[in-house]
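This report refers to the structure that appears directly beneath it.
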Amino acid sequence: MLDGLEFQTRTQCPACEGRDSISLWRGQFDDEDVARSIDLYHYSGDWRSALGTAPFALVKCKACHFKYHQHIIDTKSLHTVYGEWADAEQARRFEAAHVPDKVDRWGYHTQQAKLILRLRRLIGRATEAPRILDFGCGDGALLRMARGFGFDAFGIDVSASRSGAALNDGYRIYSDLGALDAADPEPFDAIVLSQVLEHVVDPLGLLRAMEARLAPEGVLFVAVPDTSGVAVPRNFHEFTLVQPIEHINAFTPDSLRDVARRAGFTPVRRPSAFVTTRARDVLRAAMNWIYQPKTTDIFLKRADN
């Protein structure tokens, strides 16, 4: 059983710092439908005892229309969630139950290879070993792929159990930015924030921290869930998008671009990448180069380039 967690209330929008908001969805963690959905996360801990009757509140900023949870688990307690509740075993159980793309190893690694190829194409300097940082690297799968393509790979993850295998393989993985800076303060040619910004207390601050650590010719890749059209969740999929323990920021394609610009970035077109033996996949990728709809996975460059 875990001790109760500490909470904090965000009194201003984490995207634009506006103070006026509209209420979208409110409740308590032990509400029957909410508790039933949280149980499906298979947490490695007694979340009911830790959260009790604590309230949550999803709101929308009146100024920039960004959606976010006001009453959130504080930064220190989030380390408990991601260090103990969301450990390697919990990740395995959740992915087996709800993430078929991760279970499909062929498709999963194909997508990772395409990401690495796109990052390499967008790096604006010639180098034999571009430096890459995967913030929220988990089990280190992307680091392994990047190293195979010649990158000098670094990772950050708060969960020692999830990153343990990669550490044992000799990858340089740190618990936070302070530990990384102390060990290796050099800027990076590529930074990946995949499924990270929705979890952090200060997404604008984290993006600014990435801008400060990105080389002038470097590229940042950001991917977050798309919560367009979601306020009060109507099913488990929608619940996962605005889950009040972990998904405390709710992005849309427009709001992601807006907060990225506030942090000093500008979006760039994604290059085509082909990792396939099927002609139809090549054609589909080529068509995507012609027409690129707005999504919540984007490539960014520093705006001062």
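- Side chains of Asp87 and Ser44: a donor-acceptor N/O pair is present below 3.5 angstrom, by distance only.
- Phe236 contributes atom CZ, which lies 13.0 Å from atom CG of Asp33 (distance to the nearest 0.5 angstrom).
- For Thr9 (side chain) and Thr11 (main-chain N/O), no donor-acceptor pair under 3.5 Å exists by modelled atom type.
- In this structure, Ala146 and Ile132 approach most closely via the heavy-atom pair CB-CG2, 4.0 Å.
- Under the rule for a side chain to side chain contact (heavy atoms under 4.5 Å, CB included), the partners of Ala15 that lie at least two apart in sequence or sit in another chain are Cys13, Cys64, Phe66, Val259.
- Looking at every heavy atom in both residues, Cys137 comes nearest to Gly155 through SG-CA, 3.9 Å.
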Using side-chain contact (heavy atoms from CB on, under 4.5 Å), reason through Trp85 and Thr80 one step at a time and then give a plain yes or no. CA-CA 7 Å; Trp85 294 17; Thr80 297; 4.2 Å; yes
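- Side-chain atoms of Gln28 never come within 3.5 Å of backbone atoms of Asp31 as a donor-acceptor pair (strictly under, hydrogens ignored).
- Using a 4.5 Å heavy-atom cutoff, the side chains of Leu300 and Val222 are in contact.
- Nearest heavy-atom pair across Ala231 and Val242 is O-CG2, 4.2 Å.
- No donor-acceptor contact under 3.5 angstrom links the side chains of Ser21 and Lys60, judged on distance only.
- When the side chains of ILVMFWY residues are joined at heavy-atom separations under 4.5 Å, either directly or via intervening members, Phe135 and Leu122 end up in two distinct hydrophobic clusters.
- Hydrophobic clustering (side-chain heavy atoms under 4.5 Å, transitive across Ile, Leu, Val, Met, Phe, Trp, Tyr) groups Phe149 together with Phe299.
- Between Phe56 and Trp25, the gap from one ring centroid to the other is short of 6.0 Å.
- The structure places CG of Asp74 at 5.5 Å from CD of Gln8, a figure rounded to the nearest 0.5 Å.
- No hydrogens or angles considered: a donor-acceptor pair under 3.5 Å links the side chains of Thr295 and Asp297.
- One distance of note links CD1 of Ile156 with CZ of Arg172; it measures 13.0 Å at 0.5 Å rounding.
- Of all the heavy atoms in Lys67 and Thr227, the pair that sits closest is NZ-O, 2.7 Å.
- Cluster annotation: Val192 is not connected to Ile298 through the hydrophobic network of ILVMFWY side chains, with a link wherever side-chain heavy atoms come within less than 4.5 Å.
- Nearest heavy-atom pair, Ala273 versus Lys114, reported as atom, atom and distance to 0.1 Å: O-CE, 3.5 Å.
- Between Thr75 and Asp202, the closest side-chain pair of non-hydrogen atoms is not below 4.5 Å.
- Between Asp134 atom CG and Leu115 atom CG the span is 8.5 Å, to the nearest 0.5 Å.
- With hydrogens and angles ignored, the 3.5 Å screen pairs a side-chain donor or acceptor of Gln292 with a backbone N or O of Arg270.
- Leu177 and Leu204 fall within a single hydrophobic cluster, where Ile, Leu, Val, Met, Phe, Trp and Tyr side chains are chained together by heavy-atom contacts under 4.5 Å.
- The aromatic rings of Phe154 and Phe188 sit perpendicular to each other, their planes meeting at more than 60°, with 30° as the lower class boundary.
- Glu198 contributes a side-chain N or O that, together with a main-chain N or O of Val196, makes up a donor-acceptor pair within less than 3.5 Å.
- Proximity of Tyr68 to Pro203: side-chain heavy atoms (C-beta onward) are nowhere separated by under 4.5 Å.
- Linking ILVMFWY side-chain heavy atoms closer than 4.5 Å, directly or via other members, places Leu58 and Phe239 in a single hydrophobic cluster.
- Taking the six-membered ring for Trp, His98 and Tyr41 have ring centres at least 6.0 Å apart.
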Are Lys294 and Arg257 close enough, and set up right, to give a side-chain contact (heavy atoms from CB on, under 4.5 Å), and what steps lead you there? CA-CA 9 Å; Lys294 283 186 178 180; Arg257 283 158 178 76; 4.1 Å; yes
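- Between Leu51 and Phe7 the shortest side-chain heavy-atom distance falls below 4.5 Å.
- Under 3.5 Å, the side chains of Glu246 and Tyr43 contain a donor-acceptor pair of N or O atoms.
- For the atom pair Arg213 CZ and Glu186 CD, the distance stands at 13.0 Å (nearest 0.5 Å).
- Side-chain N or O atoms of Ser49 include none that pairs as donor or acceptor with a backbone N or O of Asp46 at under 3.5 Å.
- With hydrogens and angles left out, the side-chain atoms of Gln70 and Arg10 include no donor and acceptor closer than 3.5 Å.
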Verdict with supporting geometry, Leu197 and Leu206, side-chain contact (heavy atoms from CB on, under 4.5 Å): CA-CA 8 Å; Leu197 286 183; Leu206 181 56; 3.9 Å; yes
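- Salt-bridge check for Asp152 with Arg147: failed, with every basic side-chain N at 4.0 Å or more from each acidic carboxylate O.
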Let me see the working for Ser228 and Asp226 under side chain to side chain donor-acceptor pair (under 3.5 Å), right down to the final yes or no. CA-CA 6 Å; Ser228 299; Asp226 185 352; 2.6 Å; yes
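- A salt bridge links Glu89 to Arg92: at least one charged side-chain nitrogen sits closer than 4.0 Å to a carboxylate oxygen.
- Relative orientation of the His199 and His247 rings is perpendicular, given thresholds of 30° and 60° on the angle between their planes.
- Rounding to the nearest 0.5 Å places NE2 of His79 at 11.5 Å from CD of Glu84.
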Intermediate values then yes/no, side-chain contact (heavy atoms from CB on, under 4.5 Å), Phe151 and Leu143: CA-CA 9 Å; Phe151 281 73; Leu143 300 180; over 6 Å; no
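- Within a 6.0 Å radius of CZ in Arg269, more than 12 heavy atoms belonging to other residues, nucleotides or ligands are found.
- Between Asp189 and Arg120 no salt bridge is recorded (no basic side-chain N to carboxylate O distance below 4.0 Å).
- No side-chain donor-acceptor contact under 3.5 Å links Arg121 to the backbone of Pro271.
- Electrostatic pairing of Glu6 and Lys76 does not count as a salt bridge here, judged by no charged N lying under 4.0 Å from a carboxylate O.
- Side-chain atoms of Asp157 do not come within 3.5 Å of backbone N or O of Ser175 as any donor-acceptor pair.
- In this structure, Phe29 and Pro244 have side chains that are in contact, with non-hydrogen atoms separated by less than 4.5 Å.
- Nearest heavy-atom pair, Arg26 versus Ala57, reported as atom, atom and distance to 0.1 Å: NH1-CB, 3.3 Å.
- When Leu133, Leu193, Leu119 are each tested for a side-chain contact (heavy atoms from CB on, under 4.5 Å) with Leu220, only one passes: Leu193.
- Judged purely by atom type and a 3.5 angstrom limit, Ser77 has no side-chain atom pairing as donor or acceptor with the backbone of Ile73.
- Leu24 is not listed as a side-chain neighbour of Val59, based on a closest heavy-atom distance of 4.5 Å or more.
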